[in-house]
Enquirer: 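One structure, pasted below without further comment.
We're numbering straight along the sequence, starting at 1. Excluded from the calculations below are hydrogen atoms, water molecules and symmetry mates; all remaining heavy atoms, backbone and side chain alike, are included. Indexing begins at 1, ligand by ligand and atom by atom, following the structure's order.
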Amino acid sequence: MTAEPGETDAGLERALEEAFARAQASLGEGRLATYIPELGRADPSKLAVSLHTVDGRESGAGDVDEPFTLQSISKVFTLAYALRSVGNGFLSRMSMEPSGDAFHSIIRLEQEQGRPRNPYINTGAILVSEQLPGRSPQEKIDGVLGFLRELARSDRIDVDNNAYRSEAETGNRNRALAHFMKHHGTVENSAVAVDTYFRQCAIRATARLLGRMSLFLANKGVDPVTGRRVLDEESNRLIVALMATCGLYDEIGRFAVGVGLPGKSGVSGGIMAVAPRRMTIAVYSPELDPNGNSVAGLAALTALSEKLRLSLFE
Ligand code: DON
């Protein structure tokens with residue numbers, strides 16, 4: 001790995017401290033997601049920044065061991081697991097373009113005859129869920145959990161059943177999206193697809209575990225800790241490129257300017273970012289901006305990107 005400015009241990013620590021302080025100063029500016037009632041019970045004071053380099057260093061500030069549900073961040077990992085276990089045939093049923101709309105938008109789905117714009121908006125992720133190996137939603141999610149536990153080298157990743165039930169009871173918009181895709185033949189079994197999707201969104205990890213399990217994405221598909229190949233290079237590039245263009249929905253342009261990294265957010269307040277060949281960063285703070293992205297998480301990533309010159313567009 002080439003030496004980068006600020007990437008000495010002391011440089012990383014200093015950048016982390018400053019980013020954490022900047023994120024802390026923005027606490028109170030956002031709002032908890034309440035449309036999934038269980039997410040409205042999160043503690044808004046929680047804040048975590050966890051940094052993991054491909055050469056094996058790990059550093060964190062704040063509540064890095066606080067569990068939270070991955071929500072839309074799970075979409076990156078289900079896509080990886082699906083590509084790895086069933087191949088890429090299903091990609092022909094969706095596009096690879098940013099939507100410019102909210103994650104649960106239905107307008108384009110209608111305009112484009114049930115074809116999702118990309119795998120990170122809800123419709124694309126529901127399609128991917130159905131592709132996961134296993135018959136029942138439970139079997140499919142057990143496979144994903146096994147994959148994530150191996151990547152994180154931890155058994156402390158599970159499904160938060162309260163969050164799952166909370167979304168299953170209220171997620172009628174996602175059900176509508178799944179039924180609409182069934183109407184167009186994009187999914188076969190909309191009930192299985194959407195139930196699997198609800199379960200995957202409720203997968204619970206911590207910022208520390210999320211940062212660890214993302215490392216292969218920064219290292220051309222190879223887990224730098226174990227040396228094991230997780231994904232072929234082409235699939236890895238696809239996943240990371242789509243994070244850069246579609247990972248924060250209709251806020252991806254601002255994220256590209258301010259942070260300049262591939263990233264993926266979730267409505268629980270997590271964001272995972274990948275600096276190719278250098279590091280992964282996982283942040284958590286549950287208060288969101290109007291686009292559904294963590295306010296303090298964005299502040300921390302913006303500061304880290306500046307301090308460590310991480311932007312791919314420099
Ligand atoms: O489908 C939903 O609405 C949630 N389970 C996940 C959405 C989400 O995380 C969007 N990201 N910012």
Enquirer: Answer whether the closest heavy-atom distance between the side chains of Phe255 and Thr302 falls below 4.5 Å.
Expert: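 They are not in contact (no side-chain heavy atoms under 4.5 Å apart), so the answer is no.
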Enquirer: Quick one about Lys182 and Asn189 (side-chain donor to acceptor, distance below 3.5 Å, no hydrogens or angles considered), yes or no?
Expert: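 Looking only at side-chain atoms, Lys182 and Asn189 do not form any donor-acceptor pair under 3.5 Å.
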Enquirer: Report, in ascending order of atom number, the atoms of ligand 1 lying under 4.0 Å from any heavy atom of Asn174.
Expert: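 Every atom of ligand 1 under 4.0 Å from some heavy atom of Asn174: 1 (O), 2 (C), 3 (O).
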Enquirer: Tell me which part of Phe198 gets within contact of ligand 1: side chain, backbone, both or neither, using heavy atoms under 4.0 Å.
Expert: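 For Phe198, no heavy atom sits under 4.0 Å from ligand 1.
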Enquirer: Within less than 4.0 angstrom of ligand 1, does Ile73 place any heavy atom?
Expert: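 Under 4.0 Å: no for Ile73.
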Enquirer: Are the charged groups of Arg208 and Glu58 less than 4.0 angstrom apart, N to O?
Expert: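 Salt bridge present between Arg208 and Glu58.
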Enquirer: For Ile36, take its heavy atoms, then give the atoms of ligand 1 lying under 4.0 Å from any of them.
Expert: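 Listed by number with element: 4 (C), 5 (N).
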Enquirer: Just let me know how Cys201 lines up against ligand 1, side chain, backbone, both or neither, with a heavy-atom cut-off below 4.0 Å.
Expert: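 The part of Cys201 near ligand 1 is the side chain, not the backbone.
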Enquirer: What I'd like to find out is whether the side chain of Val222 reaches to under 4.5 Å of the side chain of Phe216, using heavy atoms alone.
Expert: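 In short, these two side chains do not touch, never coming nearer than 4.5 Å.
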Enquirer: Tell me whether Glu167 reaches ligand 1 (any heavy atom closer than 4.0 angstrom to a ligand atom).
Expert: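 It does, in that a heavy atom of Glu167 comes within the 4.0 Å cut-off of ligand 1.
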Enquirer: Heavy atoms only, cut-off 4.0 Å: how does Leu248 contact ligand 1, side chain, backbone, both, or neither?
Expert: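 Leu248 to ligand 1: no contact under 4.0 Å from either part.
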Enquirer: Where's the contact between Asn122 and ligand 1, heavy-atom distance under 4.0 Å: side chain, backbone, both or neither?
Expert: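 Only the side chain of Asn122 comes within reach of ligand 1.
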Enquirer: Before accepting this row, confirm whether a basic side-chain N of the pair Glu287/Arg31 lies closer than 4.0 Å to the acidic partner's carboxylate O.
Expert: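 The answer is no: the pair does not qualify as a salt bridge.
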Enquirer: Which protein heavy atom lies closest to atom 12 (N) of ligand 1, and at what distance to 0.1 Å?
Expert: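 In this structure, atom 12 (N) of ligand 1 has Gly292 O, 3.3 Å as its nearest protein heavy atom.
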Enquirer: Please list the nearest protein heavy atom to atom 3 (O) of ligand 1 with its residue and the distance rounded to 0.1 Å.
Expert: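 Protein heavy atom with the smallest distance to atom 3 (O) of ligand 1: Tyr35 OH, 2.5 Å.
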Enquirer: Around atom 1 (O) of ligand 1, find the nearest protein heavy atom and jot down its residue, atom name and distance.
Expert: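 Ranking protein heavy atoms by distance from atom 1 (O) of ligand 1, first comes Tyr197 OH, 2.6 Å.
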Enquirer: Side chain of Arg57, backbone of His52: donor and acceptor closer than 3.5 Å?
Expert: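 Checked: no pair found.
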Enquirer: In Å and rounded to the nearest 0.5 Å, what is the OH to OG distance from Tyr197 to Ser190?
Expert: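 Reported value, rounded in 0.5 Å steps: 15.0 Å.
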Enquirer: For atom 8 (C) of ligand 1, find the nearest protein heavy atom and state the residue, atom name and distance (0.1 Å precision).
Expert: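 The protein heavy atom lying closest is Ser72 OG, 2.4 Å.
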Enquirer: Please report the interatomic distance OG1(Thr78) to OH(Tyr81), rounded to the nearest 0.5 Å.
Expert: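 Output value for this atom pair is 11.5 Å.
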